[in-house]
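This report refers to the structure that appears directly beneath it.
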Amino acid sequence: MDYQKILENVLIKMTGFQELGNPASYIPELRKVDPFKFGVHLITKKNKNFGLGDSEEKFSIQSISKVLSLVMAYQLQDEDLWKRVGVEPSGTPFNSLIQLEYDQGIPRNPFINAGALVICDILVEHLKNPKDEFLNFVRKLSGNSELEYCARISESEKSVGYRNAALINLMKDLGNIHNDIDTVLDFYFNLCSIEMTCRELARTFLFLASYGLNPITKEKILSSSKAKRVNAIMQLCGFYDEAGEFSFKVGLPGKSGVGGGIVAILPNQYSIVVWSPGLNKKGNSSKGMKFLELFTSETESSIF
Ligand code: DON
């Protein structure tokens with residue numbers, strides 16, 4: 001398939017699409033990002049690369065990191081993981097508090113903020129230097145050994161992180177956080193602060209399009225059964241209360257972040273990342289979703 005040509009055609013089809021959305025406003029540093037940035041990168045299992053626009057510019061990957069922390073925790077804990085976090089779509093916004101008390105402090109899934117905080121708690125429990133080890137894991141997957149946490153963004157989020165503090169306090173009270181709250185929150189804000197280009201991020205996720213094997217380095221990251229399960233969670237929970245809409249329109253497992261990035265994978269074929277900072281009302285990239293909808297229609301490639 002001539003992916004470069006297809007990406008360009010889809011971009012032309014996007015011309016009439018006016019719903020730019022607004023960059024996340026609740027994290028001061030994200031508010032400053034130029035809403036007109038737009039990048040796409042697709043990498044195939046055979047390491048063929050295709051890109052468009054601002055695909056080599058770094059952006060804040062935010063919640064997309066939650067997939068990588070889940071993968072690391074899954075490597076360490078196997079199926080015991082699911083005693084502390086569920087695998088059901090939440091149908092609620094990513095930072096909602098309401099469901100958590102009702103569910104006795106067991107978050108519905110690892111991608112809502114509460115679930116991602118539990119995963120961070122598990123990593124803090126298992127790893128000697130969670131921040132260093134997580135960063136090294138992401139560096140290896142991305143092929144960029146110089147990736148760093150972005151202190152400017154993590155500090156900015158920490159300065160307004162009242163909701164995440166509320167979520168973690170509630171879970172501590174209900175017995176599902178085992179470590180010091182500030183240590184876990186600090187780790188969480190840091191992993192959300194990582195900045196990557198579309199190209200780096202697409203490569204990072206390629207192992208999930210390849211049954212858990214990194215096809216570039218030949219390293220087995222997850223068993224194929226675990227990779228299947230992570231993809232299933234992305235399919236059902238990757239877009240919070242818009243997961244149904246994304247499945248309906250795009251038809252691929254994926255994950256969004258409030259930095260405006262979306263990653264999606266087609267098993268055995270490719271990993272694709274779109275970045276456009278303007279978000280819709282559900283906190284997902286508005287143009288990013290539209291681009292992927294047109295792309296999977298044009299290529300007739302979806303898991304359904
Ligand atoms: O905790 C937060 O609110 C952010 N660091 C991450 C939220 C996010 O990316 C939600 N995704 N669309």
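Every value quoted in this text rests on a predicted model; they were computed, and no experiment measured them. We count ligands from 1, going down the list as the structure has it; atoms in each ligand are counted the same way.
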>> Around atom NZ of K172, are there more than 12 heavy atoms from other residues, nucleotides or ligands closer than 6.0 Å?
In response: yes

For ligand 1, which atoms, with element, lie under 4.0 Å from some heavy atom of [X]?
| X | answer |
| --- | --- |
| N113 | 1 (O), 2 (C), 3 (O) |
| Y240 | 10 (C), 11 (N), 12 (N) |
| Y188 | 1 (O), 2 (C), 4 (C), 5 (N), 6 (C) |
| C192 | 5 (N) |
| G283 | 12 (N) |
| Q62 | 4 (C), 5 (N), 6 (C), 9 (O) |

> Any N or O on E157 sitting closer than 3.5 Å to an N or O of ligand 1?
Replying inline: yes

> Below 3.5 angstrom, do we get any N/O pair linking V258 and ligand 1?
Replying inline: yes

> ring-ring contact (aromatic ring centres under 6.0 Å, His included) between F17 and F291: does it pass, once the steps are laid out?
Replying inline: CA-CA 10 Å; F17 184 74; F291 188 93; over 10 Å; no

> Ion pair present between R152 and E155, side-chain N to carboxylate O less than 4.0 angstrom?
Replying inline: no

> Can we say K37 and E57 salt-bridge, meaning some charged N sits less than 4.0 Å from an Asp/Glu carboxylate O?
Replying inline: yes

Would [X] and [Y] count as a close aromatic pair, with their ring centres under 6.0 Å?
| X | Y | answer |
| --- | --- | --- |
| F239 | F111 | no |
| Y149 | F187 | no |
| W82 | Y74 | yes |

> Nearest protein heavy-atom contact for atom 7 (C) of ligand 1: which residue, which atom, what distance?
Replying inline: S63 OG, 3.0 Å

> Is it the side chain, the backbone, both or neither of N164 that has a heavy atom closer than 4.0 Å to ligand 1?
Replying inline: side chain

>> When you measure from the heavy atoms of Y26 to every atom of ligand 1, does any distance fall below 4.0 Å?
In response: yes

> R199 and E56: salt bridge (Lys or Arg N to Asp or Glu O under 4.0 Å), yes or no, with the steps?
Replying inline: CA-CA 6 Å; R199 187 187 182 107; E56 304 276 358; 3.6 Å; yes

